[in-house]
Amino acid sequence: MLKCNYLGLQLLNYVSPLIISTTKKEDIKSSILKLLNRHNVVFGDYKWIEFDDPFLTNNVQSIAIVDTELKLKERQPISLHKCSLSIHIFHLNEEGPSAENLEAEDEDIVAANHWVLPTVEFHGLWDSLIYESQIKSNLLDYVTTTLLFSDRNVDSNLISWNRVVLLHGPPGTGKTSLCKALAQKLTIRLSHRYRCGQLIEINSHSLFSKWFSESGKLVTKMFQKIQTLIDDKDVLVFVLIDEVWLLCCQIIYPRQQLLTLRELEMIGYLENDVSKLSLILKTISRKSEGLSGRVLRKLPFLAHALYIQSPNVSMTAFLQALSLVVDKQFEERTKLSDCV
């Protein structure tokens, strides 16, 4: 028999039951409301794991009042009779993550991990994360407004909003854990409109290590797979990109990285020591900060025209020329400033 969780979240009044059977949710909800009528005052979050009602004992693993701390700084009596309860009943998926593999040069690589939500692996993760600021509350409010704007077809050209959340901070502060916990939380909260959640955690390091030269193709394949999930309107899809700068710098925003090694190889400049070359390219990228996108797009041409002129050149020599032409751009900018 499969038990279910009872999760309710809204302002101070979210109740969550974890169910363990296929009993109708309406019957479970009715029994939960009877329980809450008998225990109508709580102090902050509260959880029941034992019940005096045989029906709940046989069908529900736990019932929890959650997220009261998101709005209240200190615990205080909460009258459930005065609250607008939001009740969410759910099962936990016990299968664990599956690997999304991509073919690259006669070998498969693990490009992402894929969870069906809510999953037992993330159960309790949200409550274990404690921050001084109201980051959890703000994230939930952000998503709520995003869904509202989407439902109302708000024109993003008139009001700027999107479906992207960027978390930054030192390693070990819980950014990845918070993303996973948020995906689990939202899947449960929005279970009335989505059949399940799907979390795709992209493995950026796999896409940009050994297979650097194939990274553009691999990223395209990965997002094509994600698109097939998004096409199912009954599924809530989350895409988690850890170390997102790897994608941004080397694929999505080549004006930040000047050129990917793949692009340089297409010109015909090949060399084997990819890791060393990436570091050189990263140094050039940092040195080029302040140049406009128009100038950055011209740099490979100028590097060849001013410092190479040969139809064939090593990658190292090309990057040296690229570095010199970046220096030259700033020298010319300084000369122009002096003339003015």
Side-chain angles (χ1 to χ4, degrees), residues 93 95-119 121-122 143 146-147 149-151 153 156-157 161-167 175-176 178-184 186-187 190-191 193-267 270 274-275 278 281 285 293 297:
N93 182 4
E95 293 182 0
S98 59
E100 292 289 344
N101 296 320
L102 295 177
E103 294 182 0
E105 299 186 8
D106 300 325
E107 185 175 340
D108 286 349
I109 64 170
V110 179
N113 289 317
H114 181 190
W115 285 270
V116 177
L117 304 177
T119 174
E121 186 173 340
F122 301 157
V143 174
T146 297
L147 287 171
F149 278 28
S150 180
D151 289 342
N153 296 316
S156 58
N157 294 318
W161 61 281
N162 56 51
R163 298 172 178 84
V164 177
V165 174
L166 176 64
L167 299 179
K175 299 183 296 295
T176 301
L178 179 57
C179 289
K180 293 177 178 178
L182 180 63
Q184 176 103 332
L186 292 173
T187 297
L190 299 173
S191 58
R193 59 188 292 177
Y194 297 104
R195 183 179 72 256
C196 67
Q198 307 267 7
L199 172 62
I200 309 296
E201 182 180 21
I202 294 179
N203 188 344
S204 301
H205 290 285
S206 290
L207 298 180
F208 293 103
S209 54
K210 180 178 178 181
W211 308 107
F212 194 99
S213 64
E214 296 293 319
S215 55
K217 294 180 181 178
L218 293 175
V219 171
T220 299
K221 286 182 180 179
M222 186 69 257
F223 281 94
Q224 285 174 345
K225 285 196 170 188
I226 293 173
Q227 184 62 52
T228 61
L229 295 176
I230 295 175
D231 290 339
D232 186 346
K233 302 305 180 183
D234 291 330
V235 174
L236 181 60
V237 179
F238 303 88
V239 179
L240 170 57
I241 308 177
D242 212 352
E243 305 293 348
V244 69
W245 62 271
L246 287 172
L247 271 72
C248 293
C249 290
Q250 300 175 37
I251 292 296
I252 301 176
Y253 300 117
R255 281 189 298 173
Q256 297 291 332
Q257 192 70 12
L258 305 182
L259 283 175
T260 66
L261 293 183
R262 174 61 176 168
E263 289 170 315
L264 295 177
E265 287 174 340
M266 290 174 64
I267 302 172
L270 302 175
V274 173
S275 58
S278 348
L281 192 58
S285 175
R297 287 192 291 272

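All values derive from a computational prediction rather than experimental measurement. The basis for the numbers below is simple: all heavy atoms, side chains too, and nothing from hydrogens, waters or symmetry mates.
Note that CG of Asn153 is 8.0 Å distant from CG of Asp151, once rounded to the nearest 0.5 Å. The line from CD1 of Ile202 to CD1 of Ile241 is 4.5 Å long, rounded to the nearest 0.5 Å. Taken from CG in Leu182 to CG in Leu167, the straight-line distance is 8.5 Å, to the nearest 0.5 Å. One distance of note links CG of Leu186 with CG of Leu199; it measures 11.0 Å at 0.5 Å rounding. Rounding to the nearest 0.5 Å gives a distance of 11.0 Å between CG of Leu240 and CG of Asn203. Atom-to-atom distance recorded for Lys225:NZ and Ile200:CD1 is 9.5 Å, nearest 0.5 angstrom.
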Q | Steps toward side-chain contact (heavy atoms from CB on, under 4.5 Å) verdict (Gln224, Gln227) | A | CA-CA 5 Å; Gln224 285 174 345; Gln227 184 62 52; 5.6 Å; no

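Within 6.0 Å of CD on Glu95 lie no more than 12 heavy atoms contributed by other residues, nucleotides or ligands.
For the ring pair (Phe, Tyr, Trp, His ring centres under 6.0 Å) test, no residue two or more places apart in sequence or in another chain qualifies with Phe238.
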N/O donor-acceptor pairs under 3.5 Å from side chains in residues 109-118, not counting sequence neighbours:
from, atom 1, to, atom 2, distance (Å)
His114, ND1, Glu100, OE2, 3.1
His114, NE2, Gln198, OE1, 2.4
Trp115, NE1, Glu121, OE1, 3.0

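Residues Asp232 and Arg195 meet the side-chain proximity criterion, which asks for heavy atoms closer than 4.5 Å. Side-chain contact between Leu229 and Val235 is absent, with no heavy atoms from C-beta onward closer than 4.5 Å.
Between the side chain of Ser150 and the backbone N or O of Thr146 there is no donor-acceptor pair closer than 3.5 Å.
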